[in-house]
Amino acid sequence: MRRSPAFAKLRRGKQTAATAKMKIVIIGAGGRLGAALMREYRRKFEVTGFDHAQLDLANRDQIRERVGTASFDVLINAAAFTNVDLCETQRDRAFHINAEAPRMLAEICRDKDAKLIHFSTDYVFDGKKREAYTEEDEANPISVYGESKRAGEENVLAVKGRHLVVRVSWVFGPDRPSFIDGLIKRAQENEHVDAIADKFSTPTYTLDIASMLPRFFKGVAVAGVTDPDYRARHYSGILHFANTDECSWQEYGQWALDCCRTFGVPIKAKTVGALELKDMTRLHRGDGGQANWVARRPVYSVLSSARYTELTGASPRAWRDAVADYIKRSYSKK
């Protein structure tokens, strides 16, 4: 049955009103991902953010007081205890923040009839597979960080509600330094830089995460989608999202330097040398410094975004395109 132009206009009006009224709370608003979500969503939704100073997920009373009394339709948890090595010696804190707090957040969302979107990690896998991990693959973490994040996933999904756990990998973006920023900094200061050549995953751009996530907000209009029963809005469970293709740290770093030259970013180093995992006793931090490597990392942790594409009809862009976009936006003077 054909709809009249007046009906279509009314429908668009209702969608716009629903979008304007949607209330979102973002935990981890001062982090690399949370800050990107805050910036991108402020223009579209009514957004409240809590950074670590405002909300410590290790403090249950703060969670009850600040999240439990807030009004929202969607709660996004982009906060975690992410220091992989420190988790090894602070196991209790890791599980309080990464496992127990998400359970509390899911319970609060259940009681408010709200949706929780909780971010997790590729580190829930052991890295023994040599093709992209799907949501059906068994999690088998090999570090305390990975164990605590896997426990958080299970705790969230055990609570009644349509909660979504989104696993991401090698997250980079403009709000806090990551591997790519540390490597560029070292390349600007030194003629020789190196990175691990036998560890593989996929860089994932925070702006791409921010762009895709509203597809899973109930009642939000999505460009090009007119079906009111659009599957992604109602999806719950685990979802992988990463930019497509895969690379090693060395390949990631080399592409970053190539992009710097393309966009006129001054650097001294032209190539990225190869390091091997078996020879490593220390690991480069995201800021370009050095830190003792205590925890085990999965050698291969590429995430398949096939389910995301099936649900939404959209494919993430390739990691090389995303990195080029980031460097052009954040470093280029052109």
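The basis for the numbers below is simple: all heavy atoms, side chains too, and nothing from hydrogens, waters or symmetry mates.
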Mind checking side chain to side chain donor-acceptor pair (under 3.5 Å) for K129 and listing every partner two or more places apart, or none if nothing turns up? D137

Contacts of R329 meeting side chain to side chain donor-acceptor pair (under 3.5 Å) (sequence neighbours excluded), chain-then-number -> D325

I need the [X] [atom1] to [Y] [atom2] distance, nearest 0.5 Å.
{"X": "D73", "Y": "C109", "atom1": "CG", "atom2": "SG", "result": "10.5 Å"}
{"X": "Q254", "Y": "T271", "atom1": "CD", "atom2": "OG1", "result": "6.0 Å"}
{"X": "D181", "Y": "S330", "atom1": "CG", "atom2": "OG", "result": "7.5 Å"}

Does a side chain donor of either D198 or Y300 reach within less than 3.5 Å of an acceptor in the other side chain? no

D321 side chain to Y205 side chain, donor-acceptor N/O pair below 3.5 angstrom: no

Going by heavy atoms in the side chains, are [X] and [Y] under 4.5 Å from each other?
{"X": "F217", "Y": "I24", "result": "yes"}
{"X": "L86", "Y": "F81", "result": "yes"}
{"X": "P141", "Y": "F125", "result": "no"}

Tell me, please, which residues at least two apart from E107 pass salt bridge (charged side-chain N to carboxylate O under 4.0 Å, His left out). none

R176, E40, R32 screened by side-chain contact (heavy atoms from CB on, under 4.5 Å) with T206, the one that passes: R32

If you look at every heavy atom in Y41 and I209, which pair is closest and at what distance? OH-O, 4.3 Å

Flag if over 12 foreign heavy atoms under 6.0 Å of CZ, R296: no

With a cut-off of 6.0 Å (strictly less than), are more than 12 heavy atoms of other residues, nucleotides or ligands near CZ of R39? yes

Are any of the side-chain nitrogens in D208 or R317 under 4.0 Å away from the carboxylate oxygens of its partner? yes

Run through D85, D122, D126 and flag the one making a salt bridge (charged side-chain N to carboxylate O under 4.0 Å, His left out) with R297. D85

Evaluate the criterion side-chain hydrogen bond (donor to acceptor under 3.5 Å, both in side chains) for residue pair S201 and S301; output intermediate values, then yes/no. CA-CA 5 Å; S201 192; S301 59; 3.3 Å; yes

Which residue in the set R150, R167, K149, E153 passes side chain to side chain donor-acceptor pair (under 3.5 Å) when paired with S120? E153

Would you call the rings of W249 and F179 parallel, tilted or perpendicular, where under 30° means parallel and over 60° means perpendicular? tilted

